[in-house]
Asks: 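Input: one structure, supplied below.
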Number of protein chains: 4
Amino acid sequence: MARQELTERAPGTERIQRKRGKRVKEIVETAAELFGEHGYDAVSLDDVAERLDVTKGSLYYYFPSKEELATAAIETLGDEWTARLERLAEQHEGGHAGLLRTLLHEHITIAVRDYPAALRLFLVPRAWPTAQADRIKELRGRHDAVFRRVIEAGVDAGEFTVTGVDTTLQCMHAAMAQSPLWCARLRGKARGNAISELTETLMMLVGQPPRTG
Amino acid sequence: MARQELTERAPGTERIQRKRGKRVKEIVETAAELFGEHGYDAVSLDDVAERLDVTKGSLYYYFPSKEELATAAIETLGDEWTARLERLAEQHEGGHAGLLRTLLHEHITIAVRDYPAALRLFLVPRAWPTAQADRIKELRGRHDAVFRRVIEAGVDAGEFTVTGVDTTLQCMHAAMAQSPLWCARLRGKARGNAISELTETLMMLVGQPPRTG
Amino acid sequence: MARQELTERAPGTERIQRKRGKRVKEIVETAAELFGEHGYDAVSLDDVAERLDVTKGSLYYYFPSKEELATAAIETLGDEWTARLERLAEQHEGGHAGLLRTLLHEHITIAVRDYPAALRLFLVPRAWPTAQADRIKELRGRHDAVFRRVIEAGVDAGEFTVTGVDTTLQCMHAAMAQSPLWCARLRGKARGNAISELTETLMMLVGQPPRTG
Amino acid sequence: MARQELTERAPGTERIQRKRGKRVKEIVETAAELFGEHGYDAVSLDDVAERLDVTKGSLYYYFPSKEELATAAIETLGDEWTARLERLAEQHEGGHAGLLRTLLHEHITIAVRDYPAALRLFLVPRAWPTAQADRIKELRGRHDAVFRRVIEAGVDAGEFTVTGVDTTLQCMHAAMAQSPLWCARLRGKARGNAISELTETLMMLVGQPPRTG
DNA sequence: GATGAATGAGATTTCATTCAT
DNA sequence: AATGAATGAAATCTCATTCAT
């Protein structure tokens, strides 16, 4: 019996890994959704499990604790999100204002359309265990860097005016994190307009007058 | 029986009421402090009771549930807060920009110095019972109105430029709600500077170029 | 100071006692009502106090504990009740059937009209402390005795037929105790009819055919 | 993928369901026992859990609240009880008096011997949530119907005499509900005699003279 | 006589976590 | 891979009782 187990170890490991990855992603996204919606403490693993239509026990197969699940949610989302923004920044041609506008618009769109409520995970300042807090800080840093680079470049080029880059970044981030709440009830064109309006308003933070709609 | 009339009907009712009010205020303020600091879910009634140096049971003598206590805390804070801003607005003389700057500065100062965590109570989207949700919404309305009036007046006077008043308000509030987090580690002069910098940055949202520090 | 108290002991003691007696009676009746309605455990002293529009503390001025209050309720009610029935029995002239019918009718009337729900106190078998249990048993005995005497006399006279006097008594008592529940929703004539019908039905327990209404 | 079809979709679901059902039954029966013995309020979930040798938490795995557990207990008991009486009624051959006597005897026997305290759950007028109150009322209705049918049939056949069917039913039930109290201290033959005596006494409520023991 | 305040023991309920299968 | 069951610590809430005034 013991010997059997030794031989039967690795059949189709790859496909299994892929499947596992998909499952993990499902869980993480659902968790992020719920945590973002109600806050970490107000969401029980039962809630997460129920929305996924699995049992609580299953969650523990994929994650060793509730905290790790939340961290994974933040990490995964943050990673993907940042990657999308970084790609955009690389491809972009044109002035700093154009790039910043593009980044803001994309960021808000993702927040509102793809991961409503997920961003709040970054905001709600829970006392994470240090290991996880560090990881989160790093992510936040990478994320911030995308915007920071454009803004600093714009300032250097004399295109942007700011009181302080950090403060500007914080304001942008805070507003974008709340955006899903404001846009939650809008659909279709109205939502698109709201996103554009928010983008233009945030552009003012670097001294760019709003473009006429 | 006739003699009874000489005695006052409700003896000492007033003083008792005052005393009760004072106690309630103590409790509410302590609660607000803790809730604001750690969030609604992270604070147990034991925590509140312990800081007040009474037993859990006593809290229930004054409030029928944790939720009601939290609502009271929010209400008290919001009330006082708004009142302070309204007073400022009334007294102010001078242009719209000056008033808005004053309001923003005061708001951030209160948030950072006096109630370093209270704003989160308004933000974290907990599913309050409707009775309480309504009360909170009303508070936010009053609070919003203070800022809305200045901005609309400034726009009408041609002093301010905005893409949309609602959006502008939302961005301001989002940023201010986060401010205690950014300033938490700062003290003394550094903190004052941070507050001023944030104020100036937010002034840009209505098209006012930052004043040179 | 101590001396003063010795001299000031008894001014108008009598009137005070009477007043006290009235207050006690009010409390006892309200308590009996509530206990009978919802059961001893389901009623809190707060409930009693609120219906009386006094504070919980006041109840403790008159009764040393919840249990004593309940006992007092049972005792007072039982005492008065039994006294009324005993008086009726003494005055009565005529046959055994007539007396039993009168007693049943009166008993049910009191139960339904004067103390709805109070009788259940005797039924709900709580584990009273023995001191109080004894007192209750005695009361119950005196109460039972009124009916027992008529029934035994009737049986001896050959007027009544029963399988066993105890059993008959128990059935009567059980039915009468529930009667307020059945008649609670009836008013005026309808209630009078219901009481009469119940009386006639119980008369059958001693072999008396129902009188045509 | 094709292989999956060979495996059953919900593996062992049936056995699990059966096991769960068994567990639920164990809990419900233990609960019914305790609630019946001491009353709803006097029994804590700790009591139930301890007798089952599990923790409180486990009970909440099966029932969402104490009230639901109690309702389930009542329902289970009532269901089984009524079913037993209905079966008896179906099988019975002979006159109405014989059937009624059988039903009464069986009912009292169950009450006294099998569920020595369950009836109180039906009697003590607790304010159940309406959903559950309805279910209980329905149960009582079914239960009542068994007796009502015999009595009405007997009356129609001229075998029985009653003042009113409802009143008669109420008296019978009131007496039977108390029976466990009266017989609690009796054992063996004495108990059997008490049950028979009570049965005969209740037969008098429909005008049937007692059979000589 | 009566009240408001406070207490503390105990009840119900929640939930992250573990484990056998 | 996943589940159902169980646990236990901690949270919310209730309430009889005490006490200073």
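We name chains A, B, ... by the order of the sequence lines, and we start the count at 1 in each one. In this text, all values refer to a predicted model and were calculated from it rather than measured experimentally.
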Asks: Just how far, in rounded Å, is P of F:dA1 from NZ of A:Lys22?
Replies: 13 Å
Asks: Measure from CG on A:Asp41 to P on F:dA10 and round the result to the nearest Å.
Replies: 16 Å
Asks: Report the residue (D:Gly57 or A:Tyr61) whose heavy-atom-nearest nucleotide on DNA chain F is the more 5′ of the two.
Replies: A:Tyr61
Asks: On the side chain of A:Lys66, is there an atom forming a donor-acceptor pair with the base of E:dT17 - under 3.5 Å, no angle test?
Replies: no
Asks: Return the value, rounded to whole Å, for the distance between atom CD1 of B:Ile27 and atom P of E:dA6.
Replies: 7 Å
Asks: Taking only N and O in the side chain of D:Arg20, is any of them less than 4.0 Å away from OP1 or OP2 of F:dG4?
Replies: no
Asks: By nearest atom, which of the nucleotides E:dT13, F:dA11, E:dT7 is closest to the B:Ser58 side chain?
Replies: E:dT7
Asks: Which is true for D:Val43 with a 4.0 Å heavy-atom rule: it touches a base, it touches only sugar-phosphate, or it touches nothing?
Replies: sugar-phosphate
Asks: Which is true for D:Lys19 with a 4.0 Å heavy-atom rule: it touches a base, it touches only sugar-phosphate, or it touches nothing?
Replies: nothing
Asks: Take D:Glu26 and D:Lys22, measure what side-chain contact (heavy atoms from CB on, under 4.5 Å) needs, and give me the verdict at the end.
Replies: CA-CA 6 Å; D:Glu26 268 171 40; D:Lys22 209 179 129 201; 4.2 Å; yes
Asks: With the side chain of A:Tyr62 defined as its heavy atoms from C-beta on, choose the nearest nucleotide among E:dT3, F:dA2, F:dA5.
Replies: F:dA2
Asks: For the side chain of B:Asp47 and the backbone of B:Ser44, is there at least one donor-acceptor N/O pair under 3.5 Å apart?
Replies: yes
Asks: Give the nucleotide from the list F:dC13, E:dT3, E:dA6 with an atom nearest to the side chain of C:Thr55.
Replies: E:dT3
Asks: Is a donor-acceptor contact shorter than 3.5 angstrom present between the side chain of A:Lys56 and the base of F:dT3?
Replies: no
Asks: State whether A:Tyr40 and A:Lys66 meet the cation-pi test: NZ (Lys) or CZ (Arg) under 6.0 Å from the six-membered ring centroid, and within 45° of the perpendicular axis.
Replies: yes
Asks: Counting heavy atoms not belonging to B:Glu50, are there more than 12 under 6.0 Å from its CD?
Replies: no
Asks: Can you give me the dot-bracket string for DNA chain F, 5' to 3', counting Watson-Crick and G-U wobble pairs with both distances under 3.5 Å, using [ ] for crossing pairs and | for partners on another strand?
Replies: .||||||||||||||||||||
Asks: Rounding to a whole Å, what distance do you find between B:Ile16:CD1 and E:dA6:P?
Replies: 12 Å
Asks: Nearest of F:dC13, F:dA6, E:dA6 to any side-chain atom of B:Tyr60?
Replies: F:dC13
Asks: What nucleotide, of F:dT12, F:dA6, F:dG4, holds the atom closest to the side chain of B:Ser44?
Replies: F:dT12
Asks: Is it true that D:Glu33 and D:Arg51 have a side-chain N and a carboxylate O under 4.0 angstrom from each other?
Replies: yes
Asks: State, with a plain yes or no, whether a side-chain heavy atom of B:Leu59 is found less than 4.5 Å away from one of B:Leu52.
Replies: yes
Asks: Under 4.0 Å between a side-chain N/O of C:Arg23 and OP1 or OP2 of E:dG1, yes or no?
Replies: no
Asks: Measure CG/A:Leu59 against P/E:dT18 and give the value in whole Å, please.
Replies: 14 Å
Asks: To the nearest 0.5 Å, how far apart are CG in D:Leu45 and CZ in D:Phe63?
Replies: 11.0 Å
Asks: Could you state the atom-to-atom distance from CD of A:Glu26 to C1' of F:dA1 in whole Å?
Replies: 14 Å
Asks: Mapping A:Asp47 and A:Pro64 to their closest nucleotides on DNA chain E, which lands nearer the 5' end?
Replies: A:Asp47
Asks: How many Å lie between CZ on D:Phe63 and C1' on F:dG4, as a whole number?
Replies: 16 Å
Asks: To the nearest Å, give me how far apart CG (A:Asp53) and P (F:dA2) are.
Replies: 13 Å
Asks: Can you identify which nucleotide, out of F:dT12, E:dT12, F:dA16, has its nearest atom closest to the C:Leu45 side chain?
Replies: F:dA16
Asks: Look only at the side chain of D:Ser58 and the backbone of D:Val54, and say whether a donor-acceptor pair between them is shorter than 3.5 Å.
Replies: no
